[in-house]
Amino acid sequence: MRTDNLPPSAGPIDLCGVELAGPILNASGTFDAIAARRAFGDAVLERFPFHAFVSKTVTLEPRAGNPPPRLWEAPAGLLNSIGLPNRGLEGFLRHDLPRLAELPAPLVVSVMGFDGNELERLVGTVGARPEVALIELNFSCPNVETGLEMGAEPAEAARAVAGVRALTDTPLLVKLSPSASDPPAVAAAAADAGADGIVLINTLRATALDPRTRRPWLGGGGGGLSGPAVRAVALGQVAGVAARVALPLIGMGGVASGAHAADLLAAGARAVAVGTESFRDPSAGYRIGDELAESLRRRSPPRPGASSE
Amino acid sequence: MRTDNLPPSAGPIDLCGVELAGPILNASGTFDAIAARRAFGDAVLERFPFHAFVSKTVTLEPRAGNPPPRLWEAPAGLLNSIGLPNRGLEGFLRHDLPRLAELPAPLVVSVMGFDGNELERLVGTVGARPEVALIELNFSCPNVETGLEMGAEPAEAARAVAGVRALTDTPLLVKLSPSASDPPAVAAAAADAGADGIVLINTLRATALDPRTRRPWLGGGGGGLSGPAVRAVALGQVAGVAARVALPLIGMGGVASGAHAADLLAAGARAVAVGTESFRDPSAGYRIGDELAESLRRRSPPRPGASSE
Amino acid sequence: MSTDGAIAPPAEARTLAPFGRRRARVAAVEEQGAYRVLWACDPQGPPDPRPGQFYMLAAAASWGGGEGERPYLPRAFSHCRVVSEASGPRLGFMLDAVGPGTERLTDLRPGEDLWLVGPLGLGFRAPARGRALLVGGGIGAAPILALADELGPTATVLLGFRSVAHAGVSSLFIAEPRLATDDGSAGRHALVTDLLHDELDHDPAATVFACGPPPMLEAVRALCATRGVEAQLALESGMACGYGACFGCVVPTRSGFVRLCLDGPVLDAAELETLLFAGAGH
Amino acid sequence: MSTDGAIAPPAEARTLAPFGRRRARVAAVEEQGAYRVLWACDPQGPPDPRPGQFYMLAAAASWGGGEGERPYLPRAFSHCRVVSEASGPRLGFMLDAVGPGTERLTDLRPGEDLWLVGPLGLGFRAPARGRALLVGGGIGAAPILALADELGPTATVLLGFRSVAHAGVSSLFIAEPRLATDDGSAGRHALVTDLLHDELDHDPAATVFACGPPPMLEAVRALCATRGVEAQLALESGMACGYGACFGCVVPTRSGFVRLCLDGPVLDAAELETLLFAGAGH
Ligand SMILES: Cc1cc2nc3c(=O)[nH]c(=O)nc-3n(C[C@H](O)[C@H](O)[C@H](O)COP(=O)(O)OP(=O)(O)OC[C@H]3O[C@@H](n4cnc5c(N)ncnc54)[C@H](O)[C@@H]3O)c2cc1C
Ligand SMILES: Cc1cc2nc3c(=O)[nH]c(=O)nc-3n(C[C@H](O)[C@H](O)[C@H](O)COP(=O)(O)OP(=O)(O)OC[C@H]3O[C@@H](n4cnc5c(N)ncnc54)[C@H](O)[C@@H]3O)c2cc1C
Ligand SMILES: Cc1cc2nc3c(=O)[nH]c(=O)nc-3n(C[C@H](O)[C@H](O)[C@H](O)COP(=O)(O)O)c2cc1C
Ligand SMILES: Cc1cc2nc3c(=O)[nH]c(=O)nc-3n(C[C@H](O)[C@H](O)[C@H](O)COP(=O)(O)O)c2cc1C
Ligand code: FES
Ligand code: FES
């Protein structure tokens, strides 16, 4: 497979049995490859910024998303209340999937079900599609039946994974909620229930008020914090989960340089996702992959005969 | 009582039956009034930056604190791993308390016990001292018996509060851990167990790696994130807890201006604490109190005859 | 609901942007009354961005640490003029310093660098028929200047400002625009929509191109709707990415929320019920 | 363990700082080889900070948004010289640009403002007896210059630098200092501790005052210990507040951890077991 149109890397990696040309992914919901092609043309495909592409989260039914305003700029970060706008499973399969299958990197599809039944239909259907290399279960939402957040409570996470594990052979990644008392316990529960990998962190629950009215600024009320502001929190949670579970981890949260990616790998992540930084630089993933490969090359012991400056 | 040496305020407030000249406190562990007098002299007392002073957390036994390095600068924030250095209860009563009693503002003493027994001795002893207006229970630590974090688990918080409630008439403030799946539930449990007020947020669990070695930078391993980076998270948690419990709340997290303090009050806080911003400006509390009073004056309906700009 | 630009016309008024952000050297910063014009050299960029398209800008150094420890994200700005030079296009941006981002950008000095992405979004489409009536309010004059440069003297330009201090940018227009100010300190003591009213009385077959604050755009929309006049409106909304990645900039249209950075900022007035939706203008 | 300066001498070498941060206008920024000297006007500050004390500095504008979205906290700098003017003291700071904070400060232009707190900490104490031997390594020359200004020509100054490029600041000393460089490009091809060695051979009764990187200070400490020579060492550690509020800057001493910003940065060599503790220098 051609890889000269992907970010440079220190070599391929194995992510739950799927080979990727390198460790850089996009964070779900932070890069719309279809929209990017409208804005930048096929240049996007010639210098694709990620070694694997993660879709925006797909829900069973179509969603318009939250009313504006949806964004608030925080110190060294971003607060968003997007509300998971998407075409729903049907629309995704018909409209988005064919276009995403054209991308030069393996496809990860992120799904969210508001109850076990929805999750079954999503995983069953998406898992049956050959274009889909991995499925990411976005657990940062309350289970409408129990009211408890799937990604924050070990028992909820275990039940949700167990309910869909048998429905597909496609590897299942579980994306945790960072607003958990004990993320490693949630990760361990998901692992025991059959998850193939763990993804973290999602945005931190947060709020902003309108400076003029002191009422909630975001149309959706509360929002999620991302960007450099959460970098140290992400690094801490990745290290904590890596110490507890042996599954491959995809780490993210405020990654803006190869050094930040190297930190997450050193903390125990197998791969790294770039989110908010892509808003500042559409090809950030490419630059970060390049910087990471460069730094790894510098760290690795010099090959015989090669000099080590 | 003289108040012209305290920050301007829009009027006194009642905090659990204690009258304060205004709503600005320091966050525990972010202002050492005794050290400040050595650096700045008695000017500190003539323009004291807080309407009430909160001590650094006192433990039963003396603690040297964590090995250096203890600080890491994060994007718009600070990661610290101080490790609660303090003289222990005995040393505090003998050395610190007399000096803190000289301050021109009511005294809040923060205590942390690593088990119920320690907490009882701390609250019993400190609560018997007339110089102490309020006691703050720092619950951001694991209970050594159960291993569960007191401020993150409703049952733990309830048990800890219930164990000391009867030992003193001094109002008890409970400082929650922000790393909880459901902070409002923890606050509600503490309230039911007899807490008089809730304090939030403490620092967010986080980590930094040495850029050269990729090993943990902080001598203590992990650390806690504070400053503007956590502001939106704090505002969200204060709003969430205010919606659930009726107790007075002391809100903090990234407050650096009167507008940030006004946000927390609008979100439901009774008072606001200034932490990391005092590191950037020793008299930040005074400035913030001034800005807040000014903005409240502008918002409040003009008094008859008075003009309203 | 549309999330992929279903309402975008077949022939999009879009010049593609190079992929990724690039450095652009600041060539000059001109005072224009209350506003400033920032000139940036963009040798790697296309020479022909469409009027109404925009760029995401950030200072290459010290982009942060301002009021509220901001800015962090880049900011959206329509180019107001393109000057083609041997070294490549030189882009003009009209700046109104309203917060930490615009303040930092107005502080830039010649020789300092910008990060730049663009041109982005859909610009104005050439008038299908009749005369072009260009209407700008305040800093909304920026894309109107770019469009006036393209259409030349055949187009009529109407500009409204708070006061003469803000009207300074009208001197940049080649063909003298008609002026209105809220306080009468320059041009007519009226709203720019009053000028538009009169113009449409004389020439009901004109096509309107407008940019300005939400209340002004809403007045233009309502007026054109009652007169059955075709109008293209350049909107604003708070943006994080500018290229459809974050879904943060949506505005409500008759076909649902659309990402303004991808399917706008120029929208057909007919697609809009109102310009005064929650969050309008940011 | 001491957390309140138990080891601070009865008569502290401390000039009190005004409470709170204050603005200081940048008067000039001078290139001095690899380093820069930043001159700031501090009319509200005391005219007599002790050599070895320090100030917390931050740029008043755009303090942030650099590498890693930093700086955020102010940075600690020893004044290297005080010039008293009619308008008040003018403070000189010697800057080595090693990261986002020092880079931002070295970019400041005359007329721009600093936030400043200080003077802070304990400075050097006048030599109890004998001759003063001042030893500076690299940017550690800063407080040594301030002390040399105070003691005058009776003191002997020994400076060590990486190379001639860094040695430029030695020209600021009124009495010609003895020089050593790691590469021999200026002065002796030696370590500054070699110079100290020779000086102590001639004058074992001298008192040593030193500032520099941890390995140099450790060599000075060890040498003075074996010679039974009294030494005052100015250390560095990572600081957030500079006035004892955060407990972040502690260094290990024979009496436990002490806050370097409160009980230092100048410490008696006798109080220290080693200068090469974890986190030394930051
Ligand atoms: C397509 C397009 C084209 C534009 N063209 C121009 C142009 O040519 N010239 C020009 O001057 N401007 C233009 N703008 C507007 C410009 O992008 C904004 O003025 C700029 O982003 C403001 O940034 P700031 O940091 O200076 O102000 P901000 O502080 O971001 O304030 C801007 C507005 O955002 C809101 N706000 C306040 N705080 C926050 C926060 N923390 N997070 C989110 N929102 C907040 C408030 O309503 C405030 O009025 C354009 C905008 C768009 C979308
Ligand atoms: C009392 C005292 C006096 C001083 N006097 C002077 C002086 O006169 N002149 C002078 O040039 N310097 C002086 N310094 C040193 C100066 O304060 C530091 O060089 C400065 O703080 C560095 O900030 P920076 O942002 O430029 O670099 P940083 O990026 O902060 O790097 C400085 C060091 O800190 C570490 N570091 C890297 N990243 C981080 C992070 N995110 N958080 C925490 N640490 C990190 C690294 O070890 C790095 O080498 C003094 C320091 C002290 C304590
Ligand atoms: C605008 C925006 C939209 C997002 N949408 C999703 C989403 O649909 N599904 C999801 O799992 N995470 C979503 N996230 C979270 C990111 O995938 C990522 O976990 C988080 O932003 C932290 O990474 P970052 O700091 O690099 O952005 C979104 C984040 C942002 C900022
Ligand atoms: C250096 C430092 C030391 C702290 N020590 C304590 C402490 O002893 N007890 C405590 O309850 N909180 C402690 N905190 C947490 C603060 O009280 C506060 O909850 C937190 O910093 C958030 O506020 P801020 O963002 O304004 O700093 C400390 C914070 C910092 C930065
Ligand atoms: S600004 Fe991100 S989608 Fe429009
Ligand atoms: S720097 Fe804060 S205590 Fe020394």
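Here is how names work: the chains are called A, B, and so on, in the same order as the sequence lines, proteins then strands, and each is numbered from 1.
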Practice problem: For the residue pair D:Cys246 and B:Leu71, establish whether any side-chain heavy-atom pair is separated by less than 4.5 Å. | Solution: yes
Quiz item: Any idea which of B:Pro228, B:Gly83, B:Gly29 has the most non-hydrogen atom pairs under 4.5 angstrom with chain D?
Solution: B:Pro228
Quiz prompt | Best-contacting candidate, B:Arg47, B:Glu73, B:Glu46, B:Lys56, against chain D by heavy atom pairs under 4.5 angstrom | solution = B:Glu73
Exercise. Kindly compute the distance separating SG (D:Cys241) from CZ (B:Arg280), expressed to the nearest 0.5 Å.
Key: 13.5 Å
Practice problem: Give a yes or no on whether B:Glu90 atom CD has more than 12 heavy-atom contacts from other residues, nucleotides or ligands under 6.0 Å away. | Solution: no
Quiz prompt | Contacting region of D:Pro18 [heavy-atom separation from chain B under 4.5 Å] | solution = backbone
Self-check item: Structural part of B:Ala284 lying under 4.5 Å from a heavy atom of chain D
Solution: neither
Quiz prompt | Proximity breakdown for D:Val250 and chain B, heavy-atom pairs closer than 4.5 Å | solution = both
Practice problem: Name the option with the most non-hydrogen atom pairs under 4.5 Å to chain D; the candidates are B:Gly77, B:Ala43, B:Ala33. | Solution: B:Gly77
Quiz item: Closest approach of D:Phe247 and B:Pro85, non-hydrogen atoms and distance?
Solution: CD2-CG, 3.7 Å
Quiz item: Can you say whether B:Asp96 sits under 4.5 Å from chain D via the side chain, the backbone, both, or neither, judging by heavy atoms?
Solution: neither
Quiz item: Taking all non-hydrogen atoms of both residues, which atom of D:Leu120 and which atom of B:Ala39 are closest, and how far apart?
Solution: CD2-CB, 4.3 Å
Self-check item: Structural part of B:Thr30 lying under 4.5 Å from a heavy atom of chain D
Solution: backbone
Quiz item: Looking at CZ of D:Phe19 and CG of B:Leu45, how far apart are the two atoms once the value is rounded to the nearest 0.5 Å?
Solution: 9.0 Å
Exercise. Check whether any side-chain N or O of B:Asp281 sits under 3.5 Å from a backbone N or O of D:Arg21 as a donor-acceptor pair, and report yes or no.
Key: yes
Quiz item: Roughly how far apart are D:Tyr72 OH and B:Phe279 CZ, rounded to 0.5 Å?
Solution: 8.5 Å
Practice problem: Give the minimum heavy-atom separation between B:Pro75 and D:Gly68, together with the two atoms involved. | Solution: CG-O, 3.6 Å
Quiz item: Is there side-chain contact between B:Phe40 and D:Val117, with heavy atoms separated by less than 4.5 Å?
Solution: yes
Quiz item: Just checking, B:Arg38 and D:Tyr243: is the charged tip under 6.0 Å from the six-membered ring centre and within 45° of the axis?
Solution: no
Quiz prompt | B:Arg121 atom CZ: more than 12 heavy-atom contacts under 6.0 Å | solution = no
Quiz item: Using non-hydrogen atoms only, which part of D:Leu73 is less than 4.5 Å away from chain B: side chain, backbone, both, or neither?
Solution: both
Quiz item: Closest heavy-atom contact between B:Pro67 and D:Phe257?
Solution: CA-CZ, 3.8 Å
Quiz prompt | Flag if over 12 foreign heavy atoms under 6.0 Å of CZ, D:Arg162 | solution = no
Exercise. Return the minimal non-hydrogen interatomic distance between B:Ser283 and D:Gly20, and the atom names on each side.
Key: OG-CA, 3.3 Å
Quiz item: Measuring heavy-atom distances to chain B, does D:Ala17 have an atom under 4.5 Å in its side chain, in its backbone, in both, or in neither?
Solution: both
Quiz item: If you tally heavy-atom pairs under 4.5 Å against chain B, which of D:Ala240, D:Pro74, D:Cys261 wins?
Solution: D:Ala240
